[in-house]
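Below is one structure; the comments refer to it alone.
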Amino acid sequence: MSTGAKKRILREYAECQNDPLPGVKINFDEQNMTKWEILMDGPDQSVYAGGHYKLEINFPNEYPFKPPVVSFKTKIYHPNVSNDDKGSMCLGLLRPEEWKPPNKVISVLHLIRNLLIEPNPDDAIELSIANDYKTNRAEFDKTAKDWVKRYAK
Amino acid sequence: MSSASQPIPPPNDRRGSRSSRSSSNAGFPEPMNSSDIAASESSGFVVGGPPGSPSPLALRASTSPHRRKSRGARIPPDFHLLDYVNTPDSNLICLICHCPFDRPVRLACEHYFCRICLDHAWDAQPEGCKTCPTCRHKVDADEEPLPVPKILERMLDELLVRCPNSKLGCPWVEQRSNLENHVMLYCEYALVECPASDCRLPVSQKDCHKGCLHYSVSCDNCHTSLLRKDLEDHQRATCQFRFAPCPHCSAELLRLDLNAHINDVCPKATVQCPGSIVGCKYSAERETVAEHETACPMATMAPFFRDQQARIERNEARFEPLVRKVGILEDGLSNITNMLYPANANDSSFPVTNPLDSNNPDAFPPAPLMPTPDFRLPPASFPPAPHNNDQSHSQPPFDSQIHHLLTLHDSLRDELSRVASALSELEGRTSMMIMNENQRVKEEMLHTNAAINGMRVQLHWLMSATLHQRTSASASSSATRAGGSASASGSGRSSASGTPTTGGATMRGPAVGMPPLRRLSDSIRQDTKL
């Protein structure tokens, strides 16, 4: 990774620290700045309220020309997060063909937070959960809350 | 010349190369090699400099071409890594590297990027379809980016930057346009290659003329071994055995003693009034504080308070093991009691018996020195009668067992009487209910009886009517064969006149036309009677 990219990641970290999102904490390691550990609280107005989620943002070597890779380390019942040990997330500006170098990490964090508040079932990675969300909202809410209690406390 | 006869030595292997060289062609002292030696000689205070000394003339001849060469090795500054004095305007920031533009270019879609960033972005894109990184507007493959307006370049040039060598001590701060000149030509702190040909370690430009400084020396004062180039910094700032001026007063003393001097002696150092432990806020130079001390009541009291504090701490420290000891003793005591009175032992609600209990005064004489443990009854074993609870709280916590049993007994008795009264009440209610129900059933039965009676009467009447009809029919068929119609009308008339006299049950003479009407009125009458 070039020094310019590292410098940019440093700057983006400083930006995130100056303008922190509510309930989002970033563990940043100077030695390995291409891997950010994010601690995100479930937004109050969502079904994930009360949960504490651990995420990882990995910056590829080609950053900022390739998108960062976001993955949930804590299990979450969400149509846009894959329900396996990777917990990967791939939609919107995180798609390689959608990503633009001017995009910033802080906008990625905003996107994740907004998806927790309002999942996007039309762009889902877990189709069964998306179906649940669309057709049986009460059941979805119940399972999501159950998962918060089980995995995200 | 020498390299032809022997292999080129590794860059940092100075000693080896020197010795081998001196053995092979001792007659030609190499100018490059000699420069650092000469330099170290000229700067007098080095202990144990490298042996062998060439003439100063050789040195002068050698240094100048070297400086030129090392200067040529300077790297131009990377604008992306600069440290800007002020936060630059966000309009001057490249969206890709998030730094102020470096040689900016413009695309046809009016988006601006650093030339390098744009090239990198296009490198990452598939061959032959270059787009704008911001808006994905298509850019022709052979089209060159457009130049930016002059005003943008001027604004970028005027940004104040620090020298990239500021970490090494360069104080230079100026407009960005002058940076390249400064770094490439003037910066004294720029790292250049060591003037010694066989030493590749970097050295600051300002020390370059001193020759190679990459050899170990030991400090005159503290005898630490360190590189020659670090010696001056060490002596100036860190060596503990050199004299340094006190930052507060004019005294000059060993750096080692400096902290102690500032903390305890220096008359100009700012200290607090000794009364600060009891709240005096006064703090000033040590001399002034000494004057203040005589007048400050808190300072006068301070030693006393300090003694008290120390005593309290001592006592607390002693108190701690005592508490533990008491706990152990209590445990032992309860074990003994359980052994003596095994009846209590398996009752978990009474884990301890009190030595002061009236139950066993002779077994346990009062132990006056022990702090009285809290033998309050466990609240869970209490019956849920509130007044009993209050009573037990008003009592002293000991004298527990009998009292507890008594209260238990009382409350049980209360409970019993409550249950008994409830039971009798329930009984009364039940019998009342049964009586009411009986009454109703009786009435019902009366009604039913009456109804059955009525039905019987009706049946009787019907039977008699049929019988009568049958006999009259046989009589009429046998006796009056010719004038049947006249006799029939006559019998009908007689029966109609007989109705009011006979009244209900004993009717006779049912004619074919009339009886239903009469019967209807009868049944109505009977219904109302029911």
Side-chain angles (χ1 to χ4, degrees), chain A residues 1-21 24 26 28-36 38 57-70 90-111 123, chain B residues 75-84 86-107 109-127 129-139 145 159 161-162 164 166-167 176:
Chain A
M1 180 174 261
S2 70
T3 29
K6 280 185 182 153
K7 186 110 179 166
R8 168 164 165 163
I9 292 177
L10 268 177
R11 277 172 199 276
E12 295 210 50
Y13 175 68
E15 190 184 6
C16 292
Q17 292 306 100
N18 289 338
D19 180 21
L21 276 132
V24 175
I26 302 170
F28 181 75
D29 183 8
E30 291 269 354
Q31 303 304 316
N32 183 11
M33 56 174 78
T34 60
K35 186 169 126 186
W36 291 19
I38 316 279
I57 298 186
N58 278 296
F59 295 93
N61 276 338
E62 297 87 358
Y63 187 79
F65 307 110
K66 293 272 168 66
V69 180
V70 177
C90 185
L91 77 162
L93 54 81
L94 290 175
R95 285 228 172 81
E97 65 272 17
E98 287 282 320
W99 176 259
K100 292 188 284 194
N103 291 347
K104 299 185 201 170
V105 183
I106 196 150
S107 54
V108 171
L109 290 176
H110 269 292
L111 170 86
D123 202 357
Chain B
I75 339 146
D78 184 351
F79 279 22
H80 288 131
L81 307 177
L82 286 181
D83 188 11
Y84 291 84
N86 307 311
T87 320
D89 189 290
S90 61
N91 291 316
L92 300 179
I93 301 279
C94 168
L95 285 173
I96 293 180
C97 61
H98 289 197
C99 298
F101 290 113
D102 170 24
R103 281 162 291 159
V105 290
R106 177 167 67 97
L107 292 178
C109 51
E110 286 289 327
H111 287 118
Y112 294 76
F113 303 98
C114 304
R115 177 77 233 211
I116 297 174
C117 294
L118 190 62
D119 286 345
H120 283 160
W122 281 347
D123 283 347
Q125 287 176 359
E127 198 58 43
C129 59
K130 293 198 279 186
T131 58
C132 165
T134 298
C135 65
R136 299 221 177 81
H137 191 276
K138 190 115 177 49
V139 178
L159 291 172
V161 293
R162 293 198 178 86
S166 58
K167 284 204 184 70
R176 200 175 83 167

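Below, read A as the first sequence line, B as the second, and so on, with proteins coming before strands; counting in each chain starts at 1. Note that the coordinates shown come from a computational prediction; the quantities given were computed from them, not determined experimentally.
- At distances below 3.5 Å, not a single donor-acceptor pair connects side-chain atoms of K100(A) with backbone N or O atoms of P133(B).
- Proximity of a side-chain donor or acceptor of R8(A) to a complementary backbone N or O of L95(B) within less than 3.5 Å is detected.
- Within the 4.5 angstrom heavy-atom criterion, only backbone atoms of C117(B) (N, CA, C, O) approach chain A.
- Heavy-atom minimum distance, P101(A) versus I96(B): CB-CG1, 3.9 Å.
- Applying a 4.5 Å heavy-atom cutoff, the residues of residues 103-111 of chain A that approach chain B are K104(A).
- Of all heavy-atom pairs between F65(A) and A124(B), the closest is CB-CB, 3.6 Å.
- For the set K66(A), K7(A), E62(A), the count of heavy-atom pairs under 4.5 angstrom toward chain B peaks at K7(A).
- With a threshold of 4.5 angstrom between heavy atoms, H111(B) does not approach chain A through any atom at all.
- Atom NZ of K138(B) is surrounded by more than 12 heavy atoms from other residues, nucleotides or ligands within 6.0 Å.
- The number of heavy atoms from other shown groups lying within 6.0 Å of NE2 (H80(B)) is above 12.
- Heavy atoms from other residues, nucleotides or ligands lying under 6.0 Å from CD of E97(A) number more than 12.
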